[in-house]
Each structure stands twice: as C-alpha cells, then as structure tokens.
Amino acid sequence: MTQQAAFNQGLIKFLQSSPSPAHAVTTMVAQLEEAGYQALNESEEWQLQPGQGYWIVRGGRSLVAFRLGNKPVAESGVRMMGAHTDSPCLKVKPKAELLRQGYLQLGVEVYGGVLMHPWFDRDLSLAGQVHFRNESGKLTSALLDVVKPIAIIPSLAIHLNREANKNSEINAQLHLPPVLGLDASDDASPSLVLREWLATWLRKAGHSVAEVVDYDLCFYDTQPPALVGLEQEFISSARLDNLLSCYTGLHALLAVDKLATNKPQAATSLLVCNDHEEVGSSSAIGAEGPFLESVLRRLSGDEQKYQRMMARSMLISCDNAHAIHPNYADKHDENHGPKINAGPVIKVNANQRYATNSETSALFSSFCDMAKVPYQHFVVRADMGCGSTIGPIAATKLGVRVVDVGAPQWSMHSIRETAGTKDAWYLGQALQAFISTWDGE
C-alpha cells in the first residue's frame, strides 16, 4: 500500500469513528497519546520540557496539541495549523419527545447551515455527550454512539406533493423531527422516554447511571465513508467539512515528529481544532473564545515574549473549499474554479472573509513547491456572498499571519460530501513542509 493510500484509509477510519465533535477529539487524543504526547490541565501549573508533545482539551470538543521546540518560542515563533471539529447537523432538543399520529419522534434544532433535503430517507443514529449522575450522586459524563440505525426522516411521496421537484420548502420545526418508532406506551406524556433510554444504553455500556441530567446529541448518517469513482478518485462521507482538515493537520504534526526523532525541531508546532465554527465560533471553546490565546500566552511566559513570539508565528487555517461543479459551473468565477485532485486551494476574499493576503499566499505556495504538490486559488464570484472560516478570527484576535486554505470538495454542508483522494494528501505534504522548514521570517 502506498503512503497516500494508507493516509486515505486512516482518514476513512477517522471519519467513521468521529460522528460528533466530542468523538473526533477523543479519537485525536488517542493518536496523540500513542505518539507520546502528554495531557495538560488548564487549572494546573505547567512544567513544559523542550522536545515534548502536549495536548489540552476544553469542553470535550476543542483541542490544542503542540510539540515544544528546542528553541525559545520568542525566538522561533509557533508554526500553527487550525481546523474545526463541528459539522452542520440536526441536534436533539432538551425536551425532545413528540407523539404524532401514533409515532414517537424527537424534536431537533438545525445546527449550522444544513443542506436539508439530503437528510430525508437516511438511516440515522445518535452520537454525542451525555451528562448523568452515577449511583454515588456524582455528576459525570460519557460519550455515546448508538452506531445502529434508530431513526429516519421520511420524505413526502410525490403523489402528495406534485411540485416537489420544482419547489419543495422544508420547515425545520414541522418536517425534520426524525421518527424513532411506534408509540407503544399508554402515557400521553413521553417527556422522559429519551433520558430513560439513554440511561439504559449507558448501563449496558458499563456506566453506573442513576439519572441522565442532560446531553449534547446529534443525529448522523450511518452509511460509512467510501472510495467512489471508476478509479476511486473520490472519497464520499459525512463530515468531510471539516474533519478532513482535522485529520490532515494531526497527521502532518505527527509525521514531522517521526522525521525529527533524531533531530528535534527548533521551533514549536501546534494544531488547534475548535468546535462551533459552523455557528460563528462565539463560545468559550470556539475560535473567537480565549482557548488558543491562553495556551500561547502560557507558552511565551510574559507579554514581551508573547509579542515577539507572535511576530514570528503563522497560522494555516484549513477548511475545505468549493470545488467547481460540472453541472453548475456558472456558480464559480471563470478563473477561480478549483478542481478535485488538483491540489489544495488558497482562498482569497478582498472583504476579509478569508484572512489570506499576498504575503501569506506566497508563503503557502512556496510550501507547496517544497512538497512538490500542486495548488489552486478560489475567489467567490463578485455577485455572490462569501463564507468564512476561523482564519479571520485568529488574525484579528492574535495579530498573527494567517492563510486560509483547504481541500476542494462538492456538496458542502450536505449529509454526505465528496472530495478527492489526492487533495488531503497534497495538503498534508504542504503542511509538513511548513512545519519542518519555515523559519518565521
């Protein structure tokens, strides 16, 4: 198996094991610990050793991992990579149970900019965090992944909506609650059904549960990731935006570690993966919160060293880009339509929806040249609005150089997305060149 094929198999495994942000973070932590990284607690004093790798998790859904270089950070800066752990989805409401026409359903809230139509007629399961009191009365939490299909959102037959293929509006409140089954109870108030079911599931998994108190759960499609195409040119999966970037950043960090076993890196390298990007990043664990800045300030030691460190630092913000669609090519600027398997995309927006500038674009293109991988550019049509990333937020909060890049993909924010089998690998090679060669100048 080639290195690229092994990389893609690892990506597929990561996507399959990460149905929620909390699961993605847990999967990344396992890989970091296997590579010798040590856990840090934000409430404790840190005693850091040059050459050692560390990780910190906040809220169970955001992660910072770094390998401390042998050179002081004020002298070398920090080579940073950023991504986000969340994807648009349907989240379960706190009092979710609904009885309609003899069926048990769960009310959901749309998280992020969901493309709604593809959620219909899918085999859905549940995953996320559950908070409960154990038999001793202590409040604790556990990850839940039901794995098996337990729900479906049935579409309305075309016989009952003859205009469905022309104009079919979806009301999130009325049309998206998934069906879990028939109502088998005589109780007209099903308000505790989900919590009781969760408690039973957790007990079977070995947890001591007296009472489920709350949860952060999302529905997800149980169809596994797959390689698609006559030559398997594509990878099709849920949550490519943006777990592909999380995996690629982590792989690059650990790959450079292996190469530097006998010669530790002089500069510190860091990966940050934030939750809540899809809803604006404004939270304690989102990119607009203080998580990354607080870690960087602790690394620097004092204000003077912090400012010197940031002047020598750079962040590559990795978030997937819109590949040109063969059936909707007019949705792209004619000179800026990225193609799948043609390399990572440098994303540019004059109105600063992306943080890329000419300097950081030139730097990233040089990393691609060093890695011998192609690269592309994306600029949104002048008559269309532009999405954004964690890049502008990091640039504003930290005053650090930032470039926004990403692997091209189709069907962004759908329940199932498509990317190329070469592009994540290409991006990872460029990130490795950045970590291992950039001198902070």
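Everything numeric here is computed off the predicted structure, so don't read it as measured data.
Nearest heavy atom pair, residue M81 against residue A252, reads SD-CB, 4.3 Å. Listed here is the closest heavy atom pair of V345 and H377: CG1-C, 3.8 Å. Heavy atoms only, all atoms of each residue included: W119 and C89 are closest at CZ2-CA, 3.8 Å. The minimum heavy-atom distance linking V373 with A430 is given by the pair CG2-CB, 4.4 Å. Pairing each heavy atom of P224 with each of R416, the nearest pair is O-NH2, 2.9 Å. When all heavy atoms of G112 and V279 are compared, the closest pair comes out as N-CG1, 3.7 Å.
One distance of note links CG of L144 with CG of L202; it measures 6.0 Å at 0.5 Å rounding. One distance of note links CG of L63 with SG of C273; it measures 5.5 Å at 0.5 Å rounding. Between atom CH2 of residue W55 and atom CZ of residue F66 there is a gap of 12.0 Å, rounded to the nearest 0.5 Å. Here OG of S313 is found 4.5 Å from CE of M80. Values are rounded to the nearest 0.5 Å. Between L11 atom CG and I235 atom CD1 the span is 4.0 Å, to the nearest 0.5 Å. With rounding to the nearest 0.5 Å, the separation of CZ in F434 from CD1 in I316 is 4.5 Å.
Comment: R239 does not engage E417 in a salt bridge, judged by the lack of any side-chain N to carboxylate O separation of less than 4.0 angstrom. A salt bridge is defined here as a Lys NZ or Arg NE, NH1 or NH2 lying under 4.0 Å from an Asp or Glu carboxylate O, and E303 with R297 meets this definition.
Listed for the Y215 side chain is a donor-acceptor partner under 3.5 Å among the backbone atoms of K93. Here the side chain of Q376 pairs a donor or acceptor atom with the backbone of G343 at under 3.5 angstrom. At distances below 3.5 Å, at least one donor-acceptor pair connects side-chain atoms of D121 with backbone N or O atoms of S155. Side-chain atoms of T2 come within 3.5 Å of backbone atoms of A5 as a donor-acceptor pair (strictly under, hydrogens ignored). Looking only at distances, no side-chain donor or acceptor of T222 sits under 3.5 Å from a matching main-chain atom of K148. Side chain of Q38 to main chain of Y54: no donor-acceptor pair is present (N/O by atom type, distance under 3.5 Å, no hydrogens or angles). Checking side-chain atoms of S125 against main-chain N and O of V147 turns up a donor-acceptor pair under 3.5 Å. In terms of modelled atom types and a separation under 3.5 Å, the side chain of S20 and the main chain of H23 share a donor-acceptor contact. The closest donor-acceptor contact from the side chain of W46 to the backbone of N41 lies under 3.5 Å. The backbone N or O of T421 sits less than 3.5 Å from a side-chain atom of N8, completing a donor-acceptor pair.
Looking at heavy atoms from C-beta onward, Q409 lies out of side-chain contact with T418 at the 4.5 angstrom threshold. With contacts defined as side-chain heavy-atom distances shorter than 4.5 Å, the pair L299/L68 qualifies. Between M314 and T360 the shortest side-chain heavy-atom distance falls below 4.5 Å. Looking only at side-chain heavy atoms (C-beta outward), L270 and R79 stay at 4.5 Å or farther from each other. Taking 4.5 Å as the limit, every side-chain heavy atom of Q52 sits out of range of all side-chain heavy atoms of P50. Two residues are said to be in side-chain contact when any heavy atoms from C-beta on lie closer than 4.5 Å; I152 and L124 fail this criterion. With a 4.5 Å cut-off on side-chain heavy atoms, V348 and F378 do not count as touching. A heavy-atom distance below 4.5 Å is found between the side chains of C246 and T85.
The side-chain hydrogen bond (donor to acceptor under 3.5 Å, both in side chains) pairs that include a residue from residues 271-284 are R61-D275, H84-E277, H276-S283, E278-H413, S282-E288, where partners are two or more places apart or lie in different chains.
Both cation-pi conditions hold for R67 and Y37: the charged atom is under 6.0 angstrom from the six-membered ring centre and inside a 45 degree cone around its axis.
Residue V405 forms a side-chain contact (heavy atoms from CB on, under 4.5 Å) with just one option from L427, T356, L431, N320, and that option is L427.
Heavy-atom neighbours of Q16 CD from other residues, nucleotides or ligands within 6.0 Å: above the threshold of 12. Counting non-hydrogen atoms of other residues, nucleotides and ligands closer than 6.0 Å to CD of E109 gives a total of 12 or fewer. Other residues, nucleotides and ligands place more than 12 heavy atoms under 6.0 Å from the CG atom of N171. No more than 12 heavy atoms of other residues, nucleotides or ligands shown are found within 6.0 angstrom of NZ on K339.
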List, one per line, each side-chain donor-acceptor pair under 3.5 Å for residues 379-392, sequence neighbours excluded.
unit_1: R381; atom_1: NE; unit_2: D383; atom_2: OD1; d: 2.9
unit_1: R381; atom_1: NH1; unit_2: D330; atom_2: O; d: 2.6
unit_1: R381; atom_1: NH2; unit_2: D383; atom_2: OD1; d: 3.4
unit_1: R381; atom_1: NH2; unit_2: D383; atom_2: OD2; d: 2.6
unit_1: S388; atom_1: OG; unit_2: R353; atom_2: O; d: 2.7
unit_1: T389; atom_1: OG1; unit_2: G391; atom_2: N; d: 2.9
unit_1: T389; atom_1: OG1; unit_2: D404; atom_2: OD1; d: 2.6
unit_1: T389; atom_1: OG1; unit_2: D404; atom_2: OD2; d: 3.4

Mind listing the side-chain donor-acceptor pairs of residues 362-372 below 3.5 Å, one per line with the distance, residues two or more places apart or on another chain?
unit_1: S365; atom_1: OG; unit_2: S361; atom_2: O; d: 3.3
unit_1: S365; atom_1: OG; unit_2: A362; atom_2: O; d: 2.8
unit_1: S366; atom_1: OG; unit_2: L363; atom_2: O; d: 2.4

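When ring centroids are compared, F234 and W410 come within the 6.0 Å threshold. The six-membered or imidazole ring of F120 lies away from that of H175, with a centre-to-centre distance of 6.0 Å or more. Taking the six-membered ring for Trp, F7 and H251 have ring centres closer than 6.0 Å.
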**Item:** salt bridge (charged side-chain N to carboxylate O under 4.0 Å, His left out) between R298 and E42, intermediate numbers included
**Value:** CA-CA 10 Å; R298 292 178 79 160; E42 288 190 273; 5.4 Å; no
**Item:** side-chain contact (heavy atoms from CB on, under 4.5 Å) between L227 and Q9, worked out
**Value:** CA-CA 9 Å; L227 298 179; Q9 289 302 315; 4.0 Å; yes
**Item:** K397 and E293: CA distance, side-chain angles, deciding distance, side-chain contact (heavy atoms from CB on, under 4.5 Å) verdict
**Value:** CA-CA 8 Å; K397 286 185 65 67; E293 183 179 359; 4.0 Å; yes
**Message:** side-chain contact (heavy atoms from CB on, under 4.5 Å) for L180 and Q105? Distances and angles first, verdict last.
**Reply:** CA-CA 5 Å; L180 273 71; Q105 298 176 265; 5.7 Å; no
**Request:** May I have the step-by-step check of side-chain contact (heavy atoms from CB on, under 4.5 Å) for S141 and H131, ending in yes or no?
**Result:** CA-CA 4 Å; S141 66; H131 300 269; 3.5 Å; yes
**Request:** In sequence, state the C-alpha distance, the side-chain angles, and the governing distance for Q47 and E45, and then conclude on side-chain hydrogen bond (donor to acceptor under 3.5 Å, both in side chains).
**Result:** CA-CA 7 Å; Q47 301 293 333; E45 186 175 348; 3.2 Å; yes
**Request:** Assess whether side-chain hydrogen bond (donor to acceptor under 3.5 Å, both in side chains) is satisfied between N341 and Y426, documenting all intermediate values.
**Result:** CA-CA 9 Å; N341 285 330; Y426 286 152; over 6 Å; no
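Looking only at atom types and distance, the side chain of S245 has no donor-acceptor partner in the side chain of D319 under 3.5 Å away.
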